[in-house]
Novice: 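Before I ask anything, here is the structure I am working with.
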There are 2 protein chains.
Amino acid sequence: MNSANDGSRTGGGTSGTLRGARERARSEITAAIKDEARTQLAAEGAAKLSLRAVARELGMVSSALYRYFPSRDELLTALIVDAYDSVGAAAEGAAGPADADPVERWTAVCTAVRSWALAHPHEYALIYGSPVPGYAAPQTTIAPASRVGLTLITVARDAHRGPGVAPPPLAAELRPEAERMAAGLAADLPPALVASLVAAWSQVFGLISFELFGQFTKIVEDRDTFFAQSVARIGRDAGLAPAGSAGVLHREYA
Amino acid sequence: MNSANDGSRTGGGTSGTLRGARERARSEITAAIKDEARTQLAAEGAAKLSLRAVARELGMVSSALYRYFPSRDELLTALIVDAYDSVGAAAEGAAGPADADPVERWTAVCTAVRSWALAHPHEYALIYGSPVPGYAAPQTTIAPASRVGLTLITVARDAHRGPGVAPPPLAAELRPEAERMAAGLAADLPPALVASLVAAWSQVFGLISFELFGQFTKIVEDRDTFFAQSVARIGRDAGLAPAGSAGVLHREYA
DNA sequence: GTCTATACCCCGATAGAC
DNA sequence: GTCTATCGGGGTATAGAC
């Protein structure tokens, strides 16, 4: 992943411009390879991603690709990191100002993630679907993978600073685990809130995965509305709304 | 999938016993093929399931397999149907008596699904994970696929017959879709309840998928407790508990 | 219903010339 | 850094003998 070594042998003291040009060409080709790989991801899936097919489509010879990615798994890792960064950026961009309504912020972030998923279903499957057999994600994927979760925690933190927002109930059996989670994720937040958030976060991805992976076929039709309402309720129940605000809805329709 | 045609040519009027033996042998071999295929599913994933490898491992020659499954996709379909039936049976078996506590029944069914998933991760991935590229599930998978959902609906129906269990709030925007869902899934239940149930159902699978697919690595450790508590809350929030019962918990820790 | 043989494809990875 | 050539695998599916 570090291209600094490549130009140093010939470009050492002769020409900074040349080295710059080479690095530019290199990064362009790298980008083209990843783009084509993403196309293949859509057609054949991650398990069958093949360097040869990518090379063929780019008019290269397979061995040339090894100058850019030392193995198939490294290419896969690059795609995974890109995907996490892409959805993470979408989530961060949707979070909005810290003083906005927490449930609306929560809903906006989750909706952004869903929109990203609908626009990039195969990349979504790559990072949130079944693991690729025989592939083990390296440590480098951990940081980008956490961006969405951190965004949601930020929303919760801002909400918790506001008035009247109480953490949700926490069962006694869950307290030790909740404290462990809070210590690792957001030591400044109440453990009950952190535990609720992690559950809520995974529940939102359950909604998205079911929609994307076809489990809602013939069951849910107006999926935009269904998602928006479900996610808002998850957010409220997780402790982002001032206590009692859900009751308003309840009174309306009881 | 229909084996009646195979023995009829030679066994027509001569020997019912012979035909019985042949069909028995056939079903045993069919089972052996599926078992070996499941083993390969675990090792290589559904996308790379190959008839040749299955045949090799069984000491057969690849072309012999075509007498049992006309194509790779038919074998895959058989595995999918088996998996849905397997998890469906586990769910149904855990539902317990109709007069038990609804939230406990809900939790028992969801826990059974999770246990099944942990015991059969690759079959879970096959049916609830990323779709297999290039494979389209035929209509025959629909009925087995609905068994878990129907079990949860049954639990909700029994709960709704009980005293004091009110459907959860339903936002006005969601009412048309909720009525559509209710019409297709459980016309005798309130639309608000059906919509909540579908959302809750997908949220439970979000928890299971995140755990199974590695998203809880280094985040959730005591997963049994985390799942049990999260699922119980989902069930209560979906309208399986008498109104106000969640408040008990709330008062305990507020 | 199992066998051999075959047609015709695919892959990851490396060696060594240029 | 790209090329050809190569090693040593893999696959689906069918034809036709037995």
Side-chain angles (χ1 to χ4, degrees), chain A residues 2-11 18-33 36-37 40-41 43-79 132-135, chain B residues 2-11 18-33 36-37 40-41 43-77 132-135:
Chain A
N2 183 351
S3 58
N5 295 335
D6 298 314
S8 59
R9 191 171 49 87
T10 55
L18 180 60
R19 203 181 67 176
R22 281 188 187 164
E23 284 180 356
R24 213 175 313 121
R26 183 180 175 83
S27 73
E28 272 168 22
I29 296 179
T30 303
I33 292 171
E36 177 57 32
Q40 300 220 353
L41 211 59
E44 299 288 347
K48 289 191 175 173
L49 175 66
S50 100
L51 289 180
R52 289 184 90 116
V54 171
R56 198 166 38 233
E57 219 63 30
L58 287 173
M60 302 170 76
V61 96
S62 66
S63 58
L65 279 202
Y66 286 84
R67 298 283 168 183
Y68 299 90
F69 295 96
S71 73
R72 194 201 82 123
D73 281 9
E74 298 271 346
L75 174 55
L76 209 48
T77 298
L79 296 180
V132 182
Y135 170 83
Chain B
N2 183 351
S3 58
N5 295 335
D6 298 310
S8 59
R9 192 172 50 87
T10 55
L18 180 60
R19 203 181 67 175
R22 281 188 187 165
E23 283 180 359
R24 212 176 313 122
R26 184 178 175 84
S27 73
E28 271 169 23
I29 296 179
T30 303
I33 292 171
E36 177 57 33
Q40 300 220 353
L41 211 60
E44 298 288 346
K48 288 191 176 172
L49 175 65
S50 101
L51 290 181
R52 284 186 91 115
V54 171
R56 199 166 38 234
E57 219 64 29
L58 258 40
M60 303 169 76
V61 98
S62 67
S63 56
L65 279 202
Y66 287 83
R67 298 281 168 184
Y68 298 89
F69 295 96
S71 74
R72 195 200 82 124
D73 281 9
E74 298 271 347
L75 174 55
L76 210 47
T77 299
V132 182
Y135 170 84

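Keep in mind it's a predicted model, so treat the numbers as computed, not measured. In what follows, chains carry the letters A, B, and so on, assigned in the order in which the sequence lines appear, proteins first and then strands, with residues in each chain numbered from 1.
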Novice: How long is the line joining CD1 of A/Ile33 and P of D/dT2, in whole Å?
Specialist: 8 Å

Novice: Below the 4.0 Å mark, does C/dG12 have OP1 or OP2 next to a side-chain nitrogen or oxygen of A/Tyr66?
Specialist: no

Novice: Choose from C/dG1, D/dG11, C/dC11 the nucleotide whose nearest atom is closest to any side-chain atom of B/Ala53.
Specialist: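 Closest nucleotide among those given: D/dG11.
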
Novice: What's the spacing between B/Phe69 CZ and B/Leu76 CG if we round to 0.5 Å?
Specialist: 10.5 Å

Novice: Kindly say if B/Tyr68 contacts the phosphate of C/dT2, meaning a side-chain N or O under 4.0 Å from OP1 or OP2.
Specialist: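 Result: yes.
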
Novice: How long is the line joining CD of A/Glu44 and P of C/dC9, in whole Å?
Specialist: 16 Å

Novice: Do any side-chain atoms of residues 52-60 of chain A form donor-acceptor pairs under 3.5 angstrom with protein atoms, and if so which ones, sequence neighbours left out?
Specialist:
none

Novice: Identify all pairs in which a protein N or O lies below 3.5 Å from an N or O of nucleotides 3-7 of chain C, and state each distance.
Specialist:
unit_1: C/dC3; atom_1: OP2; unit_2: B/Val61; atom_2: N; d: 3.3
unit_1: C/dC3; atom_1: N4; unit_2: B/Ser63; atom_2: OG; d: 3.2
unit_1: C/dT4; atom_1: O4; unit_2: B/Ser63; atom_2: OG; d: 3.0

Novice: Measure the distance from CG on B/Leu76 to P on D/dT12 and round it to the nearest whole Å.
Specialist: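 Taking CG of B/Leu76 and P of D/dT12, I get 12 Å after rounding.
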
Novice: If I compare all heavy atoms of A/Glu44 with all of A/Lys48, which pair ends up nearest, and what's the gap?
Specialist: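 Nearest pair, atom of A/Glu44 first, then A/Lys48: O-CB, 3.8 Å.
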
Novice: Below 4.5 Å, heavy atoms only, C-beta onward: do B/Leu49 and B/Val132 meet side chain to side chain?
Specialist: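 Not touching, per the 4.5 Å side-chain cut-off.
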
Novice: Over how many whole Å does the gap from B/Phe69 atom CZ to C/dG1 atom C1' extend?
Specialist: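 Whole-Å distance recorded here is 15 Å.
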
Novice: Whenever both distances are under 3.5 Å in a Watson-Crick or G-U wobble pair, mark it; put DNA chain C into dot-bracket that way, with [ ] for crossing pairs and | when the partner is on another strand.
Specialist: ||||||||||||||||||

Novice: Output all residues satisfying side-chain contact (heavy atoms from CB on, under 4.5 Å) with A/Ser71, sequence neighbours left out; order by chain, then residue number.
Specialist: A/Asp73, A/Glu74

Novice: Take atom CD of B/Gln40 and atom C1' of D/dG11, then tell me their distance rounded to the nearest Å.
Specialist: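 Taking CD of B/Gln40 and C1' of D/dG11, I get 12 Å after rounding.
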
Novice: Can you tell me the distance, in whole Å, between the CZ atom of B/Arg56 and the C1' atom of D/dG10?
Specialist: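 Rounded to the whole Å, the gap is 8 Å.
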
Novice: Starting at atom CG of B/Leu49, determine the distance to atom C1' of D/dG10, rounded to an integer number of angstrom.
Specialist: 14 Å

Novice: In Å and rounded to the nearest 0.5 Å, what is the CG to CD distance from A/Leu51 to A/Glu36?
Specialist: 12.0 Å

Novice: Using a 4.0 Å heavy-atom cut-off across all strands, classify A/Leu65 as base, sugar-phosphate, or nothing.
Specialist: nothing

Novice: Between B/Arg72 and D/dA13, is there a contact of a side-chain N or O with OP1 or OP2 at under 4.0 Å?
Specialist: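 Checking B/Arg72 against D/dA13: no side-chain N or O falls below 4.0 Å of OP1 or OP2.
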
Novice: Quick one: closest heavy-atom pair of A/Ala47 and B/Ala47, and the distance?
Specialist: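 Shortest heavy-atom contact: CB-CB, 3.7 Å.
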
Novice: With rounding to the nearest 0.5 Å, note down the distance linking CD1 in A/Ile33 to CG in A/Leu65.
Specialist: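 The CG atom of A/Leu65 is 4.5 Å from CD1 of A/Ile33, to the nearest 0.5 Å.
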
Novice: Nearest-Å distance, CG (B/Leu51) to P (D/dG11)?
Specialist: 10 Å

Novice: Which residues satisfy the side-chain hydrogen bond (donor to acceptor under 3.5 Å, both in side chains) test with B/Tyr135, sequence neighbours excluded?
Specialist: B/Thr77

